[in-house]
Q: 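Pasting a structure here, questions to come.
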Amino acid sequence: MTEASFLDVELRRPDLRRRFPRRFRQRLVGQTVLELTRRAKYLLATLSSRETLLIHLGMSGSFSVDTPTAAQGASAPAQRDPHDHVVFRMSSGAVIAYNDPRRFGLMDLLRPHDAATHPVLSRLGPEPLSPSFDGAALANACRGKTTSLKGALLDQRVVAGLGNIYVVEALHRAGLSPRRRASTIATPSGVPRDSAHRVAAAIKQVLREAIARQERPQAYRSSRFHVYDREGQPCRRAHCDGVVTRLAQGGRSTFYCPVCQR
DNA sequence: ACACGGACCTGAAGGC
DNA sequence: TGCCTTCAGGTCCGTG
């Protein structure tokens, strides 16, 4: 199948979290996508013009792909969901809609070679599933940090791409309290403690499982989360008789087991 | 420099 | 029934 190019781009409002970049439509029409990659929670589409389309889904963003039939095309245009904010019409006939009720998403266009220096990308820490992310790297990044361990893991400069749910799940898996100071996973000179290796490994595990669950949802129907959104319910760690507790950290909910997470 | 809290936004859920 | 409040999430910005 040949590559599709952008035939048209319809902006149905002037902004999401921020305004769309200048000449957004003009810079996309006629381009094909050479490569589609990801960095942290950002999608990066390299265009034939060598510009990069940068997309963040925020919390509620999603794409849908529709391939209208000729019969549909001949009738009146489909009623659009009011939260379809961007509609891409492709040369293949596919209609790709970006839907985002809360509009925390983001789209930007980066000039060639600007991806590495773009403000939001340049500050990101390592990819958690990359070999370079391990207990030693994490301990080094947490050195001297007075903030909570949970706060540090949510900091995209420490490790990129973790959100509230997976941080909470990883800390439970690692048996570490979200309330302890981030610096406690390293010695004062930066040597990783056992806890640093445990939390790094736990992060990789919860992410790999989440990806597998996405690929084979039927295999995991009953599992879901071990602590997230389980306040008052029993801890799921084998042989632990704790009860999941909820607390607020930085205005966000933390769920953890005070018995097995230290 | 770092740490923290509030703002942004909508829909769902709970209270009265 | 319906109105009002609260909460959720990721990032950014202002303040201390």
Side-chain angles (χ1 to χ4, degrees), chain A residues 11-21 38-44 53-64 80-86 97-110 115 117-128 138-172 177-186 188 190 203 206-207 210 213-214 224-233 244-256:
Chain A
L11 292 185
R12 313 191 82 241
R13 54 174 299 121
D15 57 11
L16 296 171
R17 199 170 82 216
R18 348 193 80 170
R19 296 185 67 83
F20 291 96
R38 178 196 61 76
R39 176 78 172 100
K41 297 170 193 167
Y42 294 91
L43 296 169
L44 297 141
L53 172 60
L54 177 76
I55 299 166
H56 195 297
L57 301 179
M59 295 182 33
S60 58
S62 66
F63 280 102
S64 63
R80 291 233 79 90
D81 181 299
H83 300 303
D84 282 352
H85 303 308
V86 187
Y98 176 73
N99 184 285
D100 189 355
R102 294 178 200 181
R103 303 206 303 275
F104 279 13
L106 172 77
M107 288 195 198
D108 201 357
L109 272 170
L110 317 186
T117 58
H118 189 275
V120 305
L121 297 178
S122 63
R123 291 193 287 261
L124 292 173
E127 284 291 322
L138 184 60
N140 190 53
C142 288
R143 236 175 113 177
K145 275 203 167 291
T146 60
T147 193
S148 66
L149 182 54
K150 188 211 179 182
L153 296 181
L154 278 175
D155 184 341
Q156 304 294 297
R157 296 168 300 184
V158 170
V159 53
L162 298 182
N164 194 48
I165 292 172
Y166 291 122
V167 164
V168 156
E169 289 295 310
L171 286 171
H172 178 258
S177 170
R179 310 172 66 171
R180 63 151 74 203
R181 281 174 55 195
S183 59
T184 61
I185 66 167
I203 287 167
V206 298
L207 292 181
R213 191 177 305 125
Q214 202 63 27
R224 265 181 76 81
F225 307 125
H226 288 200
V227 282
Y228 181 76
D229 207 20
R230 293 192 64 245
E231 182 183 17
Q233 296 177 51
V244 176
T245 298
R246 169 203 197 118
L247 64 97
Q249 287 180 293
R252 291 279 113 95
S253 281
T254 295
F255 299 86
Y256 80 113

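Residue numbers begin at 1 in each chain, while the letters A, B, ... track the order of the sequences.
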Q: Within this structure, what is the CG-to-P distance between A:L54 and C:dG10, rounded to whole angstrom?
A: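 Atom CG in A:L54 sits about 17 Å away from atom P in C:dG10.
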Q: Looking only at side-chain N and O atoms, does A:Q156 come under 4.0 Å of OP1 or OP2 in C:dG10?
A: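 For C:dG10, OP1/OP2 do not have a side-chain N/O of A:Q156 under 4.0 Å.
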Q: Between C:dC12, B:dT10, C:dG10, which nucleotide gets closest to the side-chain atoms of A:P101?
A: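 Of the candidates, B:dT10 comes closest.
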Q: Please classify the nucleic acid contact of A:R252 as base, sugar-phosphate, or nothing, using heavy-atom distances under 4.0 Å.
A: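 Here A:R252 touches the bases of the nucleic acid.
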Q: Starting from C1' on C:dT11, measure out to CZ on A:R157 and report it in whole angstrom.
A: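 Those two atoms, CZ and C1', are 12 Å apart.
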Q: Take atom NZ of A:K145 and atom P of B:dA1, then tell me their distance rounded to the nearest Å.
A: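 Rounded to whole Å, this separation is 13 Å.
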Q: For C:dG10, does the base pair up with any side-chain atom of A:R17 as donor and acceptor (N or O, under 3.5 Å, distance only)?
A: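 Side chain to base: no pair present.
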Q: Give me the atom names and distance for the closest heavy-atom approach of A:L44 to A:R38.
A: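 Smallest interatomic distance, heavy atoms only, reads CD1-C, 4.2 Å.
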Q: Among C:dG10, B:dT10, B:dC4, which nucleotide sits nearest the side chain of A:T147?
A: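 The closest nucleotide is B:dC4.
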Q: Under 4.0 Å: is that the gap between some side-chain N or O of A:H83 and OP1 or OP2 of B:dC9?
A: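 No, because none of the side-chain N or O atoms of A:H83 sits under 4.0 Å from OP1 or OP2 of B:dC9.
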Q: By the definition side-chain hydrogen bond (donor to acceptor under 3.5 Å, both in side chains), identify the one residue from A:R18, A:R19, A:R13 that meets it with A:D15.
A: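 For A:D15, the side-chain hydrogen bond (donor to acceptor under 3.5 Å, both in side chains) check succeeds only for A:R13.
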Q: Within this structure, what is the CG-to-C1' distance between A:L16 and B:dT10, rounded to whole angstrom?
A: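 In whole Å, B:dT10 C1' and A:L16 CG are 14 Å from each other.
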Q: What nucleic acid atoms does A:G251 come within less than 4.0 Å of, heavy atoms only: base, sugar-phosphate, or nothing?
A: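 Result for A:G251 = nothing.
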Q: Using heavy atoms to find the nearest nucleotide of DNA chain C for A:R123 and A:F255 separately, return the residue whose nucleotide is more 5′.
A: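 So the residue in question is A:F255.
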Q: Under the criterion of centre distance below 5.5 Å and interplanar angle below 30°, is A:F104 classified as stacked on the base of B:dC8?
A: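 According to the criterion (under 5.5 Å, under 30°), yes, A:F104 stacks.
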Q: What is the minimum heavy-atom distance between A:Y166 and A:V206, and which atoms define it?
A: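 Minimum heavy-atom contact is O-CG2, 4.1 Å.
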Q: Without decimals, in angstroms, what is the distance between A:H118 NE2 and C:dC12 C1'?
A: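 Whole-Å distance recorded here is 13 Å.
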Q: Check the distance between C:dT11's C1' and A:M107's CE and give it to me in whole angstrom.
A: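 That distance rounds to 17 Å.
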Q: Look at the side-chain N and O atoms of A:H56 and state whether any lies under 4.0 Å from the OP1 or OP2 oxygen of C:dT11.
A: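 For C:dT11, OP1 or OP2 has a side-chain N or O of A:H56 closer than 4.0 Å.
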Q: Within the structure, does a side-chain N or O atom of A:K41 lie under 4.0 Å from either OP1 or OP2 of C:dT11?
A: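 Yes, A:K41 has a side-chain N/O under 4.0 Å of OP1/OP2 on C:dT11.
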Q: Looking across every strand, which nucleic acid part, if any, lies under 4.0 Å from A:T146 by heavy atom: base, sugar-phosphate, or nothing?
A: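 Result for A:T146 = sugar-phosphate.
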Q: Does a side-chain heavy-atom distance below 4.5 Å link A:R39 with A:E127?
A: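 The answer is yes; the side chains approach within 4.5 Å.
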Q: What is the distance, to the nearest angstrom, from the CZ atom on A:R102 to the P atom on C:dC7?
A: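 My rounded result for the distance is 14 Å.
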Q: What's the CE-P distance between A:M59 and C:dC7, to the nearest Å?
A: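 Those two atoms, CE and P, are 15 Å apart.
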Q: As a test of understanding, state which of A:T254, A:N164, A:T147 forms a side-chain hydrogen bond (donor to acceptor under 3.5 Å, both in side chains) with A:Q249.
A: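 That would be A:T254.
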